[in-house]
> 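Structure incoming, see below.
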Amino acid sequence: MRRVPPEMFRFTTGEKADLNGAVLEAFGVAGEHLETALGLDGVRERLRAVGWVADLADEELHDALKRLVGWGLLDVVHNHTEHYRTAEEYERRNLHYSLTRRGEAALAGVRHALEVLASTGALQTAVLEAITDRLDELTVLSGEPATADRRILSTLRELEGHLEALVENTKAFNGQLQRLLRAEGADLDVFREVKAATVTYLQEFLVNLDRRGEAVADAVGRVEERGVAVLRERALRGAELPPVPGEDPAAGWLESRRARWAGLRAWFLPDDGTHPRIEQLHDIARRAIVSLLQVLERINESRRRSSSAVQDFRELARWFAAAADEDDLHRLWSAAFGLGPARHAHLAHPDPELIPSSRSWAEAPPVEVSALLRNSGRTERFTRTGKVRDVAAVRAERAERARAQRAELALAWRELELKHPVRLSSFGTLDPAVFDRLLDLLGRALATAPDTSGLRRATSGDGRAEIVLAPPPDTRTAVLHTGKGTFAGPDYVVHVTAAGGTAAFPASRAATRREAAG
C-alpha cells in the first residue's frame, strides 16, 4: 500500500475543519454539475447548496481557499477571459479555484468513510445469482462478433460491481456480527429479539448456499474455457479509453481487470487448491448461529432466575461499603464466604441419655466430627482390613532389572573410556547401548563453544564421564557400525575419561571374575 500524502486529510482536523470540509464539498457538488472551476461568488453559492448557512466574510473565505491550496487540494488559476470594469471586481473575480487529483481523492475518501460508518452489512443471496447471470452472459457474448465489445465491457463492470458489493457487504456484516456477539444489551427484551432475528436471518442465508456457490464456480469455468484474456481485450476496446500524456492507461486498466478476476476466483474457484471463501463464510455463519443460540440460552436462563450472581455480588459490595467498623466487615465476610453445611448435625454422643434434651448446644460436651465429613459428606466406615499383596516377586524383578541396567551402563563406559585421544573411526563396530552413550557425549561436546586451543569439553548427564573433542585434522569420514545401522560423520579426535580422574564405572565383581577367567 502506497503512503498517503501527509497533508491529504489535514482539512478534517483543527478549528476550521467544518469550513474546510464544507468548501471542499462545495467543489465536489460543482463537479457533479460539470463545473470545473469556481470563483469567489461561485464558492459562496455552492456553500449554500451544501447547507452552510453561517455568515462568512470574504477574508475568511479567502483564508480557507488559501489553506486548501497550500495543502494541495485546490488549484488556483487567473481568469483572463473576463472583462473587469473596476479594481474591486478584478480582485473578486480574477482568481478561480478547482479540485486537484489529491483533492478529489481526499473528498472521495471522506465520503466513503462516512458511507461506511452509516452503512450496515448484509448477506444477499440475490448477489450470488446476479454474479452467475453476468458470467453466463459473458459466455454468450464471447461468441458474438466485435460489435458486442461494448456489451462485454458493461457486463464485465456489472460483474465486478456485484462482486465488490458481495465482498463489502460480507465484511461489514461479519464485523457487525462479531460486535453483536460481544455486545451486552441494556434492554434484555430488545437484545433477545435482535439476536433471535439474526439467527433466523443467518439460517435463511445458509439455505442452498452451497448450491449457489457451486453454480458460480461452474460459470467461472465456462467463461475461462472461452478465454478470459480475450474477453478483457475486447472489453478494453469497448472501453474506448481517451489518450493521456505519459504512460498508456491500457496496461493499468487490464491489470485492474486481472486483479478483479483473481478476487472472483478466490471467492469461488481458487487456483491454489484452498477452500473458497464462500465456504469460509458458510462456516462463519454456522459458528455464529451456535454462539447466538448459546447467548440466547444464557439470557433465558438469567430471566428465569430471581437474581443473578452478578447482582448478588453487587449487593454484597454495597453491604461491605455500608459496614460500620472492621468487626462488622469480618462478620459479614464470615457469613458470606465462611458458611459450611451442618453435616454433623446427625451425630450424637456415645451415651445420649446422659445429656438432657433441654441443654443448649453451647453447654453440651463436644461431639467428635470426622475430617472426611466436611470434604465428602461421608464419615469413615471401618471394615475388614484389606489383604496385603505380596510384592516380593515384583521387588526382586525390579532389583534384577536395575542391576542389569547398571551393568550395561558400566560396560558401555568401560568400552568408551580411553587412555589417550583416538580418532572417531577407531571405534569401528559398537554395541547399540555403547553407541547411544558415545552419541550423547558427542552431541553435548558439539553444543559447547571451543576454548582458546580449539577443544570442546563436556560431561555426561550424570557427571561421571568427560569428553574432550578436537577438530578433525583432515577431511576423512568416520564410519561406525551398530546393530541398528551405520553412522557416518567427520572423523573427530575423541578422548573420553572419567570425571575427576577415577574410573567412570568400576567393573562389578562378577565382571572382574569373568575378565580374569578370560
Side-chain angles (χ1 to χ4, degrees), residues 272-275 283 375 385-518:
D272 53 1
T274 58
H275 293 287
D283 297 337
N375 297 331
T385 304
K387 184 178 180 181
V388 179
R389 185 166 61 95
D390 186 7
V391 296
V394 177
R395 187 182 301 168
E397 180 184 356
R398 292 177 179 174
E400 181 62 28
R401 186 165 62 248
R403 284 193 294 270
Q405 291 175 352
R406 285 197 300 271
E408 178 184 351
L409 187 61
L411 178 61
W413 286 126
R414 286 199 308 274
E415 292 189 13
L416 291 176
E417 193 171 4
L418 305 170
K419 295 182 179 180
H420 52 82
V422 298
R423 298 291 288 267
L424 186 60
S425 57
S426 63
F427 286 99
T429 302
L430 293 173
D431 184 81
V434 180
F435 176 73
D436 290 342
R437 270 65 181 184
L438 177 60
L439 194 62
D440 177 68
L441 284 175
L442 289 174
R444 292 174 180 272
L446 292 174
T448 60
D451 56 15
T452 55
S453 60
L455 302 178
R456 301 174 184 265
R457 302 177 184 272
T459 57
S460 59
D462 54 9
R464 297 191 179 186
E466 182 181 7
I467 182 173
V468 179
L469 192 65
D474 48 35
T475 60
R476 191 170 61 182
T477 301
V479 179
L480 304 181
H481 301 280
T482 68
K484 297 180 180 180
T486 303
F487 170 83
D491 197 8
Y492 286 97
V493 178
V494 182
H495 190 198
V496 180
T497 59
T502 59
F505 279 89
S508 61
R509 297 178 180 177
T512 304
R513 287 196 296 270
R514 286 196 299 269
E515 293 177 359

> Looking at every heavy atom in both L480 and S425, which two are closest together, and how far apart are they?
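L480 and S425 have their closest heavy atoms at CD2-CA, 4.5 Å.
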> Identify the heavy atoms of L442 and L469 that sit nearest to each other, and give their distance.
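Between these two residues, the closest heavy atoms are CD2-CD1, 3.8 Å.
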> Any side-chain heavy-atom pair from D451 and R457 closer than 4.5 angstrom?
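The answer is yes, as the side chains (C-beta and beyond) meet within the 4.5 Å cut-off.
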> What pair of heavy atoms forms the shortest contact from K484 to D436, and how long is it?
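Scanning both residues, the minimum pair turns out to be NZ-OD2, 4.2 Å.
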> Tell me if the CZ atom of R398 is crowded by more than 12 foreign heavy atoms within 6.0 Å.
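Counting neighbours around CZ of R398, 12 or fewer heavy atoms of other residues, nucleotides or ligands fall under 6.0 Å, so no.
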> Would you name the heavy atoms of L438 and L430 that are closest together and state the gap between them?
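Distance-wise, the nearest heavy atoms are CD2-CD1, 3.7 Å.
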> Go through L446 and Y492 one step at a time and tell me if the side-chain contact (heavy atoms from CB on, under 4.5 Å) criterion holds.
CA-CA 11 Å; L446 292 174; Y492 286 97; 3.7 Å; yes
> Please walk me through it: do R423 and V493 pass side-chain contact (heavy atoms from CB on, under 4.5 Å)?
CA-CA 4 Å; R423 298 291 288 267; V493 178; 3.7 Å; yes
> Starting at CZ of F487, measure out to OG1 of T477 and round the result to the nearest 0.5 Å.
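OG1 of T477 is found 10.5 Å from CZ of F487.
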> So which atom in P472 and which in P490 form the shortest heavy-atom distance, rounded to 0.1 Å?
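Looks like CG-CB, 4.3 Å.
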> Distance from E466 atom CD to H495 atom NE2, nearest 0.5 Å?
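The NE2 atom of H495 is 9.5 Å from CD of E466, to the nearest 0.5 Å.
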